[in-house]
Student: 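This is the structure I have questions about; it appears just below.
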Amino acid sequence: MDEPLSPTSDRSELWALPRRAVVVVLAVEASAVALVVAGSATPPPGAVGLAVFLTVLSVVHTELATGIERIRRRAAQTAYFDLSSVWTFAAALLLPPMLAAAVIAAVYLHLWQRVWRPAKVPLHRHVYTTATVVLAANAAHAVVQGAGGLPAAAADLGGVAGIALAVLLYVLVNAVLVAVVIVLTSERPGLRDIFGGWDDNAVEIATICMGALAAVALGSTPGLVALVLPPILVLHRAVLVRQLEEVASTDGKTGLLNAAAWQVQVTRIVRRVHRSRGTAAVLILDLDHFKLVNDSHGHLAGDEVLAAVATELRNSVREQDIVGRFGGEEFVVLLPDLAPGPDGNTEMRTIAERLRKRVAELVVPVGTPDGDLSISGLSISVGGAAVPNDGTTLEQVLNAADASLYAAKRDGRNLVRFAGPVEIPGPRSGN
């Protein structure tokens with residue numbers, strides 16, 4: 001299930017969060033408790049035993065996957081999706097709200113002990129995540145009950161539709177509640193920070209669908225539910241491999257793509273643009289006089305400046321643009337899908353100038369041996385080149401953009417320069 005991993009929400013105390021976020025967190029938790037209390041009633045025969053059985057299955061699942069989950073939790077770049085939904089969603093479909101909430105609480109208590117607490121996840125985040133799952137389970141339960149319960153046969157299209165709608169609602173309720181807190185506790189988060197990536201959500205939906213199948217199996221042939229464990233454990237390993245690949249392609253200081261990963265992605269896009277006769281551009285950006293920051297305030301302060309500039313670049317480009325760190329104080333941006341003709345050149349220049357101005361306006365709070373201070377007065381020089389005007393391969397376009405960056409440095413820095421139709425100068429040497 002989705003867990004917020006925003007920077008601000010890493011604070012250990014709930015009361016350290018912004019006031020609006022505290023209000024939302026407490027309101028969601030109170031709503032979960034109220035719904036459980038309102039739905040309390042004498043459970044039907046066998047429901048308690050079924051709740052215990054689901055809890056045991058969840059414990060077995062977590063114990064078998066604990067090592068993998070601890071690595072996944074540490075490697076998560078944005079929102080973290082655990083795979084406990086297979087049991088919490090099954091509980092939502094099979095059990096009355098009070099018992100379903102009890103199963104969810106037991107599942108997340110065990111996860112806290114085995115995965116989250118060792119990773120030093122603040123307790124208030126764990127409690128909030130549990131509350132969002134309880135509310136999502138209540139919504140899913142209401143939908144399935146309204147559709148007449150679990151389908152008894154393949155021809156029961158109403159029951160099948162009810163489960164499909166329950167899956168959708170379960171995902172939506174949880175995603176929205178988590179997204180609200182991330183927005184309230186983060187500064188200008190991106191869509192991936194708020195909702196996770198497409199792959200993350202696909203894994204979550206697949207896990208919930210397995211929960212639906214587990215619920216149907218438990219309702220008809222309980223022994224078959226054991227068949228859920230092998231594929232869910234394989235899914236754990238598959239997700240871990242993908243996350244580790246993502247970590248390997250990410251620059252540790254800035255969170256951007258590293259140079260190798262950026263070039264792999266961009267090479268494919270440049271080839272596609274050339275074949276389709278489209279237009280794209282590459283920008284190379286270099287922080288001016290960055291050595292002075294390191295010499296004056298230390299390398300840790302310099303790292304904080306690099307991270308702040310990276311965040312500003314990522315937040316100032318379009319959704320489809322690809323930002324990477326090229327090494328040292330250099331960054332690269334691919335601008336695909338530009339308008340054809342002169343309009344594309346105008347769009348490229350507009351984006352480049354916006355990036356230059358945003359960095360010039362940055363004020364970066366940093367910690368130094370002499371105390372906290374803010375670094376301002378930063379600037380970047382930008383060189384750009386277009387596909388196919390300045391080259392048909394990534395290497396050609398990078399050379400043209402690099403020469404343009406040298407021209408921006410030579411002309412006084414804090415400038416934007418683009419490759420022209422004349423002969424491109426040779427690559428620069430030095431800053």
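Atoms considered below: every heavy atom in the structure, side chains included; atoms not considered: hydrogens, waters and symmetry mates.
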Student: Is His141 reaching over with its side chain to a backbone N or O of Leu95, donor-acceptor style, under 3.5 angstrom?
Tutor: yes
Student: Would a distance-only check, ignoring hydrogens and angles, find a side-chain to backbone donor-acceptor pair under 3.5 Å from Tyr128 to Leu177?
Tutor: yes
Student: Look only at the side chain of Arg356 and the backbone of Val359, and say whether a donor-acceptor pair between them is shorter than 3.5 Å.
Tutor: no
Student: Could you tell me whether the side chain of Thr392 and the main chain of Pro388 form a donor-acceptor pair under 3.5 Å?
Tutor: no
Student: Can you name the nearest heavy-atom pair linking Leu415 to Ala408, along with the distance?
Tutor: O-CB, 3.7 Å
Student: How many angstroms lie between atom CG of Asn294 and atom CG of Asp303, to the nearest 0.5 angstrom?
Tutor: 7.5 Å
Student: Quick one: are Val216 and Ile163 in side-chain contact, heavy atoms under 4.5 Å?
Tutor: yes
Student: Can you sort out the partners of Ser379 under side chain to side chain donor-acceptor pair (under 3.5 Å), two or more places apart, ordered by chain and number?
Tutor: Asp288
Student: Look at atom CZ of Arg354 and say whether more than 12 heavy atoms of other residues, nucleotides or ligands are closer to it than 6.0 Å.
Tutor: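 Check passes, neighbour count above 12.
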Student: Supply the atom-to-atom distance Leu213 CG to Phe89 CZ, rounded to the nearest 0.5 angstrom.
Tutor: 10.0 Å
Student: Check whether Ser376 reaches the backbone of Val363 with its side chain - one donor and one acceptor, N or O, closer than 3.5 Å.
Tutor: no
Student: Find the distance between CD (Gln265) and CD1 (Ile322) and round it off to the nearest 0.5 Å.
Tutor: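 Atom-to-atom, Gln265:CD and Ile322:CD1 are 5.0 Å apart.
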Student: Heavy atoms only: give me the nearest Asn414-Ser381 pair and the separation to one decimal.
Tutor: N-OG, 3.2 Å
Student: Name the residue from Leu287, Ile380, Asp286, Leu285 that meets the side-chain contact (heavy atoms from CB on, under 4.5 Å) definition with Glu330.
Tutor: Asp286
Student: Show your working on side-chain contact (heavy atoms from CB on, under 4.5 Å) between Arg325 and Leu306 and close with a plain yes or no.
Tutor: CA-CA 10 Å; Arg325 185 183 178 200; Leu306 288 174; 3.5 Å; yes
Student: Could you tell me which non-hydrogen atom of Ile205 sits nearest to which non-hydrogen atom of Val171, and how far apart they are?
Tutor: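 Nearest pair, atom of Ile205 first, then Val171: CG1-CG2, 4.1 Å.
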Student: On a heavy-atom basis, which atom in Ala385 and which in Ala419 lie closest, and how many Å separate them?
Tutor: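 Taking Ala385 first and Ala419 second, the nearest heavy atoms are CB-CB, 4.2 Å.
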Student: Would you check if the side chain of Thr132 reaches a backbone N or O of Thr129 as a donor-acceptor pair within less than 3.5 Å?
Tutor: yes
Student: Walk me through it: do Asn174 and Val133 pass the test side-chain contact (heavy atoms from CB on, under 4.5 Å)?
Tutor: CA-CA 6 Å; Asn174 182 71; Val133 176; 4.3 Å; yes
Student: Indicate yes or no: at least one non-hydrogen side-chain atom of Glu29 is less than 4.5 angstrom from one of Val127.
Tutor: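 Yes, their side chains come closer than 4.5 Å.
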Student: Would you call Val25 and His124 a side-chain contact if the rule is heavy atoms closer than 4.5 Å?
Tutor: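 No. Closest side-chain heavy atoms not under 4.5 Å.
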Student: Any chance you could lay out the side-chain contact (heavy atoms from CB on, under 4.5 Å) test for Glu347 and Arg318, step after step, and finish with the verdict?
Tutor: CA-CA 11 Å; Glu347 191 174 8; Arg318 306 167 303 170; 3.1 Å; yes
Student: Which distance, rounded to the nearest 0.5 Å, do you find between the CZ of Arg417 and the CZ of Arg410?
Tutor: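 It comes to 8.5 Å.
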Student: Passes side-chain contact (heavy atoms from CB on, under 4.5 Å), Leu398 versus Phe326? Steps please.
Tutor: CA-CA 11 Å; Leu398 279 173; Phe326 221 40; 4.0 Å; yes
Student: Among residues at least two apart in sequence or on other chains, which ones pass side chain to side chain donor-acceptor pair (under 3.5 Å) with His126?
Tutor: none
Student: Looking at Arg20, I'd like to know if its CZ atom is crowded, meaning that more than 12 non-hydrogen atoms belonging to other residues, nucleotides or ligands lie closer than 6.0 Å.
Tutor: no
Student: Verify, without hydrogens or angle tests, whether Thr350 (side chain) and Thr346 (backbone) share a donor-acceptor contact under 3.5 angstrom.
Tutor: yes
Student: Let me confirm one number: the CG-CD distance from Leu93 to Gln145, rounded to the nearest 0.5 Å.
Tutor: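 Taking CG in Leu93 and CD in Gln145, the distance rounds to 9.0 Å.
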Student: Please identify which of these residues, Val317, Leu355, Leu283, meets the side-chain contact (heavy atoms from CB on, under 4.5 Å) condition with Val323.
Tutor: Val317
Student: Under 4.5 Å between any side-chain heavy atoms of Leu334 and Trp262, yes or no?
Tutor: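 Yes, side chains in contact.
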Student: Could you tell me which residues satisfy salt bridge (Lys or Arg N to Asp or Glu O under 4.0 Å) with Glu395, sequence neighbours excluded, listed by chain and number?
Tutor: none
Student: Between Leu256 and Phe331, what is the shortest heavy-atom contact and its length?
Tutor: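 Looks like CD1-CD2, 3.7 Å.
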Student: Testing the 3.5 Å rule here: is there a donor-acceptor pair between the side chains of Ser316 and Arg358?
Tutor: yes
Student: Find out whether Ser85 and Thr207 are in side-chain contact, i.e. whether some heavy atom of one side chain is under 4.5 Å from a heavy atom of the other.
Tutor: yes
Student: How long is the gap from CD on Glu63 to OG on Ser58, to the nearest 0.5 Å?
Tutor: 10.0 Å
Student: Write down the atom of Val173, the atom of Ala139, and the distance for their closest heavy-atom approach.
Tutor: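 Between these two residues, the closest heavy atoms are CG2-CB, 4.2 Å.
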Student: Ignoring hydrogens and angles, state whether a donor on the side chain of Tyr170 or Thr88 is under 3.5 Å from an acceptor on the partner side chain.
Tutor: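 Result is yes, a qualifying pair exists.
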